Trainee: 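The structure follows.
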Amino acid sequence: MGPRRAVRACLVTSLALIATASLAACSSSASKAQAVASTPAQTAPVGPPATSAPNTQCEQMDAVLVEALDQTPEGQAYTGLPKGSNSEDVQSAWNTFTQVLETDYHARLQSAAGSDVTAASAVTALTTYTTATNRLAGGQIPEFKDEAQAEEDIKLGRTPEPNPEYQKTVEARTNAHVELSTCMPHWPVTF
């Protein structure tokens, strides 16, 4: 099994476990609902995605993003995916591209951001996004405190105990994603 397939398999397993845990939580008793209620909530932006950048600096950063999508092999691989590609392939191609964007275009994004707080924060968010994505996709952070116990809990219809570090990393990645899509309208909102 190649490294990309291993990452995909890990992501699919994580998504399956999340879905199973969510279903178990929905049908659980009040005590189980209380355990789920302690999970940090994630907010999503309200309304349609932005079609223009909020300021000149974000507009310049968005132009760098579009250029990278057009000119890098990784960007072309992402934008060249056939319509209807499975979400794993789309997410994998996007993750590969964002690593190149962070590594090869970071200085240009910083320069475009200048001293604008919103744009500079989006540059920091890119680093957070790529770091969190690498850690999650690489399986560096287990989703549950005790993976073996989590598997048993899921089989028995109980809600497994989440790993706080995993939850914190997912939340940081989600917040970074929202910030990036707010500053740069060509950043995908969802996959």
Side-chain angles (χ1 to χ4, degrees), residues 3-28 32-47 49-50 65 74 78 85-103 106 109 118 120-155 157-191:
R4 285 187 181 204
R5 286 197 185 265
V7 168
R8 284 187 203 143
C10 179
L11 288 173
V12 169
T13 302
S14 290
L15 290 173
L17 287 173
I18 289 170
T20 304
S22 296
L23 289 173
C26 290
S27 63
S28 65
K32 290 178 188 168
Q34 183 180 9
V36 172
S38 67
T39 303
Q42 294 182 14
T43 58
V46 177
L65 170 66
E74 296 81 2
Y78 171 74
S85 294
N86 77 46
S87 61
E88 292 173 35
D89 289 342
V90 173
Q91 187 67 57
S92 178
W94 178 252
N95 293 346
T96 301
F97 167 72
T98 59
Q99 293 304 313
V100 170
L101 184 67
E102 167 67 13
T103 304
H106 188 91
L109 291 167
T118 301
S121 183
V123 173
T124 302
L126 177 61
T127 301
T128 300
Y129 182 89
T130 56
T131 301
T133 297
N134 278 342
R135 293 187 74 209
L136 293 168
Q140 295 173 7
I141 308 170
E143 185 173 354
F144 301 104
K145 270 192 154 182
D146 181 337
E147 294 289 312
Q149 182 62 47
E151 187 175 335
E152 188 64 29
D153 287 345
I154 290 169
K155 287 177 184 175
R158 297 186 303 226
T159 302
E161 185 176 357
N163 178 354
E165 182 183 3
Y166 181 89
Q167 290 179 311
K168 181 180 173 186
T169 303
V170 168
E171 184 175 355
R173 182 180 186 265
T174 300
N175 292 339
H177 186 90
V178 169
E179 194 166 343
L180 288 159
S181 62
T182 300
C183 182
M184 296 182 285
H186 287 93
W187 188 277
V189 177
T190 59
F191 291 95

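Every value quoted in this text rests on a predicted model; they were computed, and no experiment measured them.
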Trainee: What pair of heavy atoms forms the shortest contact from Leu109 to Val123, and how long is it?
Mentor: O-CG2, 3.7 Å

Trainee: When rounded to the nearest 0.5 angstrom, what distance separates OG1 in Thr174 from CD in Gln167?
Mentor: 11.5 Å

Trainee: Nearest heavy-atom pair of Lys145 and Pro162: which atoms, and what distance?
Mentor: CG-O, 3.5 Å

Trainee: Is it the case that the side chain of Ser92 and the backbone of Glu88 share a donor-acceptor pair, with hydrogens and angles ignored and the cut-off at 3.5 Å?
Mentor: no

Trainee: Give a yes or no answer on whether the side chain of His177 reaches the backbone of Pro188 with a donor-acceptor pair at less than 3.5 Å.
Mentor: yes

Trainee: Taking atom types as modelled, find out whether Asn175 and Glu179 have a side-chain donor-acceptor pair closer than 3.5 angstrom.
Mentor: no

Trainee: Where do Ala132 and Thr169 come nearest, in terms of heavy atoms and distance?
Mentor: CB-CG2, 3.7 Å

Trainee: Answer yes or no: is there a donor N or O on one side and an acceptor on the other, between the side chain of Thr130 and the main chain of Thr127, under 3.5 Å?
Mentor: yes

Trainee: Kindly compute the distance separating OG1 (Thr124) from NE2 (His106), expressed to the nearest 0.5 Å.
Mentor: 7.0 Å

Trainee: Is the ring pair Tyr78/Phe97 parallel, tilted or perpendicular, if the boundaries are 30 and 60 degrees?
Mentor: parallel

Trainee: Give, for atom OG1 of Thr133 and atom CG of Asn95, the distance between the pair rounded to the nearest 0.5 Å.
Mentor: 5.0 Å

Trainee: Run through Gln149, Glu151, Glu143 and flag the one making a side-chain contact (heavy atoms from CB on, under 4.5 Å) with Glu147.
Mentor: Glu143

Trainee: Over all heavy atoms of both residues, which pair between Trp94 and Leu65 is shortest? Give the atoms and the distance, please.
Mentor: CH2-CD1, 4.4 Å

Trainee: Does any part of the side chain of Val178, heavy atoms only, come nearer than 4.5 Å to the side chain of Trp187, both counted from C-beta?
Mentor: no

Trainee: If every non-hydrogen atom of Pro160 is compared with every non-hydrogen atom of Ile154, which pair is closest and at what distance?
Mentor: CG-CG1, 3.7 Å

Trainee: Measuring from Phe144:CZ to Asp146:CG, what's the distance to the nearest 0.5 Å?
Mentor: 11.0 Å

Trainee: Looking at Ser121 and Thr118, would you say the former's side chain and the latter's main chain have a donor-acceptor pair under 3.5 Å?
Mentor: no

Trainee: Between Pro142 and Asn163, which heavy-atom pair has the shortest distance, and what is it?
Mentor: O-ND2, 2.8 Å

